[in-house]
Structure formats: C-alpha cells, structure tokens
Amino acid sequence: MKIILLTAFMLCIFQGLKAQNTIKMENQKKEVLSITNAIENQYFKGIYEGDEIFLGSVFHSEALLFGDVKGEPYFKTIALYLDGVKNRQSPKDSGKPFKGEILNIKVINSIASAELSLKMYDFNYRDFLSFHKINGKWIIVNKLLTHTSE
C-alpha cells in the first residue's frame with residue numbers, strides 16, 4: 001500500500017512540475033512574440049521610414065548607444081541618435097536595399113536581449129538590443145552595434 005501511495009504522490013508531483021513548465025514556456029513564447037513585434041513594427045519600421053518619433057517610442061528616454069562603424073568608435077545618447085535619424089535621408093527614400101532580421105531573442109523575467117542583422121545604405125550592422133519590461137511594455141534600454149563585412 002505504501003508503494004502505491006508513494007507512486008501516486010510522485011506522479012502528482014511530476015504532473016505539477018510539467019504543468020508549471022508548460023505555463024513558463026507559454027509565457028516565454030508570449031514575451032518573445034511581444035519583443036518580436038516591437039522590433040519588427042517599431043524598431044525596423046522606424047529606422048526604415050526615418051520616423052524618429054515612432055522609432056523613439058520603443059526606446060527608453062535615457063537609452064545609450066555604443067559600438068563601432070567601420071572600426072571607428074560610436075557613442076550617442078538616444079536624443080542624438082534620433083536627431084540623426086530625423087536629419088538623414090531615410091532608407092525608404094534612398095531607394096537602397098533595406099533588410100532587418102532577428103537572429104536571436106532571450107528573455108529572463110523582465111529583461112531580454114535581441115541580436116539583429118540590419119542591412120541598410122551600404123552597411124551591414126549587427127545590433128544587440130537590451131530590453132526591459134516597464135509598465136507591461138518591452139522598451140529598448142541599450143543598443144550595441146557594429147559594422148560587419150557580411
């Protein structure tokens with residue numbers, strides 16, 4: 001009788017753990033989908049169209065951007081970056097190819113990172129975006145970028 005009760009108890013525990021893992025996986029998928037939406041419908045679209053207000057809506061107001069472009073150090077506040085977007089010819093208006101691709105998204109609790117490939121003008125960028133979920137919305141809090149040959 002003890003063996004039957006112990007077996008039943010263990011099965012209940014394993015089923016409970018399985019249910020918790022399923023819930024966590026569903027939540028994870030939901031968060032990745034939300035970040036994917038922010039990247040594709042705000043970040044990529046804002047860059048492509050040169051809409052600094054729309055693009056700025058996905059960034060924290062004090063986000064920083066670091067990296068290098070063709071080996072030269074790059075640093076800007078979000079305000080300087082958005083001003084540059086506002087005052088340049090947009091990729092859309094340039095007629096040159098534009099392609100944004102999400103390579104990877106990782107989520108842990110209320111933080112996330114995304115690795116992107118972005119081809120625009122005559123550049124191939126690799127972007128690493130840091131996200132934080134603030135008031136239920138995923139916001140970019142930091143951007144790292146580098147120019148690559150591919």
Side-chain angles (χ1 to χ4, degrees), residues 11-150:
L11 284 174
C12 288
I13 289 175
F14 288 130
Q15 287 298 324
L17 291 175
K18 185 177 176 184
Q20 286 178 347
N21 285 338
T22 301
I23 292 169
K24 285 181 185 178
M25 286 174 51
E26 290 302 317
N27 287 340
Q28 183 86 355
K29 288 178 184 177
K30 178 182 167 191
E31 300 301 349
V32 168
L33 184 61
S34 183
I35 293 167
T36 298
N37 185 50
I39 293 168
E40 291 178 347
N41 297 316
Q42 289 178 274
Y43 182 73
F44 287 153
K45 184 176 180 183
I47 290 172
Y48 177 67
E49 294 179 356
D51 186 335
E52 83 283 358
I53 294 171
F54 187 69
L55 178 60
S57 71
V58 75
F59 279 92
H60 187 277
S61 62
E62 296 185 33
L64 298 174
L65 294 79
F66 292 92
D68 61 79
V69 178
K70 294 191 176 182
E72 293 297 315
Y74 181 96
F75 165 77
K76 290 190 178 182
T77 63
I78 188 60
L80 286 172
Y81 172 68
L82 293 173
D83 188 57
V85 169
K86 176 182 175 182
N87 292 305
R88 71 177 181 207
Q89 183 182 37
S90 71
K92 179 181 179 181
D93 292 339
S94 75
K96 292 189 177 188
F98 177 91
K99 182 181 180 193
E101 179 182 4
I102 300 171
L103 303 176
N104 189 11
I105 296 175
K106 293 191 181 204
V107 178
I108 301 174
N109 298 324
S110 67
I111 64 168
S113 65
E115 181 180 0
L116 315 174
S117 173
L118 185 61
K119 297 175 194 282
M120 57 186 259
Y121 304 117
D122 295 323
F123 294 97
N124 295 311
Y125 291 107
R126 185 64 55 96
D127 292 353
F128 295 89
L129 305 178
S130 298
F131 285 84
H132 187 212
K133 192 172 187 180
I134 301 172
N135 296 325
K137 182 179 177 187
W138 287 101
I139 301 290
I140 300 169
V141 294
N142 187 41
K143 175 179 174 177
L144 297 172
L145 66 122
T146 189
H147 173 259
T148 63
S149 60
E150 50 180 67

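The first residue in the sequence is number 1, and the count goes up from there.
Scanning both residues, A63 and I140, for their nearest heavy atoms gives CB-O, 3.9 Å. Contact detail for L118 and G100: the closest heavy-atom pair is CD1-CA, 3.8 Å. The minimum heavy-atom distance linking I47 with P91 is given by the pair O-CD, 3.2 Å. The two residues E101 and F44 make their nearest non-hydrogen contact at N-CZ, 3.4 Å. Nearest heavy-atom pair, V58 versus A38, reported as atom, atom and distance to 0.1 Å: CG2-CB, 3.9 Å. Closest non-hydrogen pair, W138 versus S110, comes out as CZ3-O, 3.4 Å.
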(request) Begin with the C-alpha distance, continue with both residues' side-chain angles, and end with the deciding distance and a verdict on side-chain contact (heavy atoms from CB on, under 4.5 Å) for F66 and L145. (result) CA-CA 6 Å; F66 292 92; L145 66 122; over 6 Å; no
(request) Applying side-chain contact (heavy atoms from CB on, under 4.5 Å), run through F75 and L65 and close with a yes or a no. (result) CA-CA 6 Å; F75 165 77; L65 294 79; over 6 Å; no
(request) Take E115 and R126, measure what salt bridge (charged side-chain N to carboxylate O under 4.0 Å, His left out) needs, and give me the verdict at the end. (result) CA-CA 7 Å; E115 181 180 0; R126 185 64 55 96; 2.9 Å; yes
(request) Verify side-chain contact (heavy atoms from CB on, under 4.5 Å) between I78 and L64, making sure each step is shown before the conclusion. (result) CA-CA 6 Å; I78 188 60; L64 298 174; over 6 Å; no
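Counting only N and O atoms by type, the side chains of D68 and T146 include a donor and acceptor under 3.5 Å apart. For the residue pair K143 / Y43, a side-chain donor-acceptor distance below 3.5 Å is found, with atom types taken as modelled. In summary, the side chains of Y125 and K119 do not present any donor paired with an acceptor at a separation below 3.5 Å, with no hydrogens or angles considered.
Inter-residue side-chain proximity for V107 and F131 is flagged as unmet; no heavy-atom pair is nearer than 4.5 Å. Residues L116 and I39 form a side-chain contact, since some pair of their non-hydrogen atoms from C-beta on lies under 4.5 Å apart.
The 12-atom threshold is exceeded at CG of N104, counting heavy atoms of other residues, nucleotides or ligands nearer than 6.0 Å. More than 12 heavy atoms of other residues, nucleotides or ligands shown are found within 6.0 angstrom of CG on N87. By the 6.0 Å contact criterion, NZ on K76 is enclosed, its count of non-hydrogen atoms from other residues, nucleotides or ligands being greater than 12.
Rounded to the nearest 0.5 angstrom, Q42 CD and L55 CG are separated by 9.0 Å. Rounding to the nearest 0.5 Å places OG of S130 at 8.5 Å from CD1 of I111. Interatomic distance, M120 CE to S90 OG, rounded to the nearest 0.5 Å: 9.5 Å. Atom-to-atom distance recorded for L144:CG and S113:OG is 10.5 Å, nearest 0.5 angstrom. The CD atom of Q28 lies 10.0 Å from the CD1 atom of I105; values are rounded to the nearest 0.5 Å. Taken from NZ in K86 to OH in Y81, the straight-line distance is 15.5 Å, to the nearest 0.5 Å.
When atom types are taken as modelled, the side chain of S34 and the backbone of K30 share no donor-acceptor pair closer than 3.5 angstrom. Between the H60 side chain and the E62 main chain, a donor and an acceptor come within less than 3.5 Å of each other. Side-chain atoms of Q89 come within 3.5 Å of backbone atoms of D93 as a donor-acceptor pair (strictly under, hydrogens ignored).
For the pair K92 and F98, the cation-pi criterion (under 6.0 Å, within 45° of the ring axis) is not fulfilled.
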